[in-house]
Amino acid sequence: MPFLGQDWRSPGWSWIKTEDGWKRCDPCSHELRSEDSQYTINHSIILNSGEEEIFNNECEYAAKKRKKEHFGNDTAAHSFYREKWIYVHKESTKERHGYCTLGEAFNRLDFSSAIQDIRRFTYVVKLLQLIAKSQLTSLSGVAQKNYFNILDKIVQKVLDDHQNPRLIKGLLQDLSSTLGILVRGVGKSVLVGNINIWICRLETVLSWQQQLQNLQVTKVNTGLTLSDLPLHMLNNILYRFSDGWDIVTLGQVTPTLYMLSEDRRLWKRLCQYHFAEQQFCRHLILSEKGHIEWKLMYFTLQKYYPTKEQYGDTLHFCRHCSILFWKDYHLAWLLKDSGHPCTAADPDSCFTPVSPEHFIDLFKF
């Protein structure tokens, strides 16, 4: 059957089944209008004045695209793989033809379930952030749809449990900047899909940012608070943090926590954990009394050098089999369960933790 539509790039009309037969949907239904009215986005912050007219001309088509994606969301979530491991091959051999791309790996590995694990949540968010900065346009259409579906689950999880909002705000900020550049520079780079799809994605990201901005953490009255803990326990909690912003945020809760968060030894230990001694000498900051301002040094060094990332669980790469997997799946295979089929005599010696940066580098050819 030939494809009929307004344009060869058009997704065609949307149809609904009624008692009288199939009927064509209106471009903007009442359901979508009520959904769009919840979040009003000022497009002038995205487009220049000369580009606003182009954007307005595309709005009708974008509304149709939103409607189509709205009806297709229920089935789209079931079209992705949930494999426990994948074989990473960069070139064709006699046994295997083709190669594994970043989009294929992102589709096949089970990231959708990984975000429900508190040990892997930060790892997946950091990986999404790296993809948003530099690899978003290299993903296939299916991988891009999977990317935004997983991101939607992450945002909804944060809105429900009120955990890690600052982490997600940083991800959405980088993603909105990338999408804004792609939308304004249409024609300068090759985009997978119609420009209206990318405009809809940018609108969705901006609405997520607005929801997180309006997020109010509810107080839970359980009887016991941080103020009831002794000072040495509060100090021990602060020394467990590896992110300076977490220390600053916790110090804003009570005057006692603020006093503990300003401890010079705490910030000195944090600087020594993240940075080398040679880096201290290049950015040494002294107070009027001649003491080293470790807190100011931490945030200054953070601008010039990357900090160490901590993850509860990461993907692992088997150098013997060239297989990428979650470590607990491999341990399940050692117990005669399904998982990574390693053939090495000592499998544990072949495992290498894969950082988010290493994950991206695995698929660079």
Side-chain angles (χ1 to χ4, degrees), residues 31-32 35-36 38-39 41 65-86 102-133 135-136 139-176 178-179 192-193 197-198 200-218 311-315 324-326 328-329 354 356 359-360:
E31 181 180 0
L32 289 177
E35 181 180 344
D36 291 342
Q38 295 178 359
Y39 307 103
I41 307 299
K65 185 61 183 177
R66 283 197 300 270
K67 184 177 180 66
K68 183 181 179 182
E69 290 185 349
H70 175 78
F71 285 106
N73 279 341
D74 294 336
T75 58
H78 303 287
S79 62
F80 304 113
Y81 298 96
R82 290 189 175 183
E83 297 185 15
K84 300 178 180 179
W85 54 268
I86 62 170
L102 175 63
E104 183 182 355
F106 191 80
N107 283 338
R108 294 172 60 188
L109 287 171
D110 190 9
F111 287 104
S112 181
S113 299
I115 61 176
Q116 305 301 330
D117 191 336
I118 191 173
R119 300 170 303 165
R120 301 174 180 172
F121 182 82
T122 306
Y123 178 82
V124 176
V125 171
K126 180 64 176 180
L127 180 59
L128 294 179
Q129 191 169 15
L130 290 178
I131 293 176
K133 288 181 178 179
Q135 302 294 325
L136 190 60
L139 299 180
S140 64
V142 176
Q144 290 175 10
K145 194 169 186 178
N146 191 18
Y147 179 94
F148 283 94
N149 283 343
I150 293 176
L151 186 57
D152 182 32
K153 292 182 179 180
I154 290 176
V155 174
Q156 297 306 319
K157 183 177 183 300
V158 173
L159 292 174
D160 292 338
D161 58 23
H162 298 169
Q163 296 182 11
N164 300 304
R166 181 169 55 84
L167 188 66
I168 308 305
K169 287 179 181 179
L171 166 60
L172 295 180
Q173 180 62 38
D174 292 335
L175 182 58
S176 62
T178 300
L179 291 176
V192 178
I197 298 177
W198 294 89
C200 291
R201 289 170 177 169
L202 180 56
E203 289 179 340
T204 303
V205 172
L206 293 176
S207 68
W208 286 339
Q209 287 181 304
Q210 192 169 4
Q211 292 179 63
L212 291 175
Q213 191 68 28
N214 299 330
L215 180 63
Q216 298 292 334
V217 180
T218 57
Y311 306 106
D313 190 16
T314 67
L315 284 167
L324 195 63
F325 63 98
W326 295 105
D328 56 347
Y329 291 135
V354 179
F359 181 90
I360 301 295

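Excluded from the calculations below are hydrogen atoms, water molecules and symmetry mates; all remaining heavy atoms, backbone and side chain alike, are included.
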Participant: Taking the side chain as C-beta and beyond, is there a heavy-atom pair between Leu206 and Gln210 under 4.5 Å?
Facilitator: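 In short, these two side chains do not touch, never coming nearer than 4.5 Å.
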Participant: Is any side-chain heavy atom of Val142 closer than 4.5 Å to one of Asn146?
Facilitator: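 Of all side-chain heavy-atom pairs linking Val142 with Asn146, none is under 4.5 Å.
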Participant: Going by heavy atoms in the side chains, are Val354 and Thr314 under 4.5 Å from each other?
Facilitator: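 Counting from C-beta outward, Val354 and Thr314 never come under 4.5 Å.
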Participant: For Phe148, is there any backbone N or O sitting under 3.5 Å from a side-chain donor or acceptor partner on Asp152?
Facilitator: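 A pair under 3.5 Å: no.
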Participant: Nearest 0.5 Å, please: how far is CG in Leu128 from CG in Leu136?
Facilitator: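 Nearest 0.5 Å value for the CG-CG distance: 10.5 Å.
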Participant: Restricting to non-hydrogen atoms, name the atom on Pro165 and the atom on Leu215 that form the minimum distance, rounded to 0.1 Å.
Facilitator: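 Shortest heavy-atom separation between Pro165 and Leu215 comes out as CB-CD2, 4.2 Å.
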Participant: Rounded to the nearest 0.5 Å, what separates atom OG1 in Thr122 from atom CG in Leu127?
Facilitator: 12.5 Å
Participant: Mark yes or no for whether Thr178, through its side chain, and Ala132, through its backbone, hold a donor-acceptor pair below 3.5 Å.
Facilitator: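 A pair under 3.5 Å: yes.
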Participant: With no hydrogens and no angle check, is any side-chain donor or acceptor of Asn164 less than 3.5 Å from a backbone partner on Leu167?
Facilitator: no
Participant: Considering non-hydrogen atoms only, spot the tightest contact between Ser112 and Ile115 and give its length.
Facilitator: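 Residues Ser112 and Ile115, closest heavy atoms: O-CG1, 3.1 Å.
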Participant: When you look at Phe106 and Ile131, which way does the side-chain contact (heavy atoms from CB on, under 4.5 Å) test go after all the steps?
Facilitator: CA-CA 10 Å; Phe106 191 80; Ile131 293 176; 4.1 Å; yes
Participant: How long is the gap from CD1 on Ile168 to CG on Leu175, to the nearest 0.5 Å?
Facilitator: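 Between Ile168 CD1 and Leu175 CG, I get 11.5 Å after rounding to 0.5 Å.
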Participant: Lys133 and Asp174: which non-hydrogen atoms are nearest, and at how many Å?
Facilitator: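 Where Lys133 meets Asp174 most closely, the heavy atoms are CE-OD2, 3.1 Å.
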Participant: Flag the pair Trp198 / Gln144 as yes when at least one side-chain heavy-atom distance between them is below 4.5 Å, and no otherwise.
Facilitator: yes
Participant: Who are the ring-ring contact (aromatic ring centres under 6.0 Å, His included) partners of Phe121, not counting sequence neighbours?
Facilitator: none
Participant: I need the Ile360 CD1 to Leu102 CG distance, nearest 0.5 Å.
Facilitator: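 Reported to 0.5 Å precision, the distance equals 5.0 Å.
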Participant: Among all residues two or more places apart in sequence or in another chain, which pass the side chain to side chain contact (heavy atoms under 4.5 Å, CB included) test with Ala114?
Facilitator: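 With neighbours one apart ignored, the set is Arg120, Val124, Trp326.
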Participant: Could you measure the distance from the CD1 atom of Ile197 to the NZ atom of Lys145? Nearest 0.5 Å is fine.
Facilitator: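 One gets 9.0 Å once the value is rounded to the nearest 0.5 Å.
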Participant: Can you give me the closest heavy-atom contact between Leu139 and Gly103, atom names plus distance?
Facilitator: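 Answer, listing the atom of Leu139 first, then Gly103: CD2-CA, 3.8 Å.
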Participant: What heavy-atom pair brings Gly170 and Gln129 nearest, and what distance separates the two atoms?
Facilitator: O-NE2, 3.6 Å
Participant: If you count every heavy atom of other residues, nucleotides or ligands that lies below 6.0 Å from Gln213 atom CD, does the total exceed 12?
Facilitator: no
Participant: Applying side chain to side chain contact (heavy atoms under 4.5 Å, CB included), can you list everything that pairs with Ile118, at least two apart in sequence or on another chain?
Facilitator: none
Participant: Could you state the interatomic distance from CD (Gln173) to CG (Leu171), rounded to the nearest 0.5 Å?
Facilitator: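 Rounded to the nearest 0.5 Å, the CD-CG separation comes out at 10.5 Å.
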Participant: Listed by chain and number, what are the side chain to side chain donor-acceptor pair (under 3.5 Å) partners of Lys157, not counting sequence neighbours?
Facilitator: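 Residues passing side chain to side chain donor-acceptor pair (under 3.5 Å) with Lys157: Asp161.
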Participant: How close do Ile86 and Ala105 get, heavy atom to heavy atom, and via which atoms?
Facilitator: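 Looking at all heavy atoms of both residues, the shortest contact is CD1-CB, 3.4 Å.
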Participant: Do Asn107 and Glu104 touch side chain to side chain, with heavy atoms closer than 4.5 Å?
Facilitator: no
Participant: Kindly write out the residues that satisfy ring-ring contact (aromatic ring centres under 6.0 Å, His included) with Tyr311, not counting sequence neighbours, or none if the list is empty.
Facilitator: Tyr123
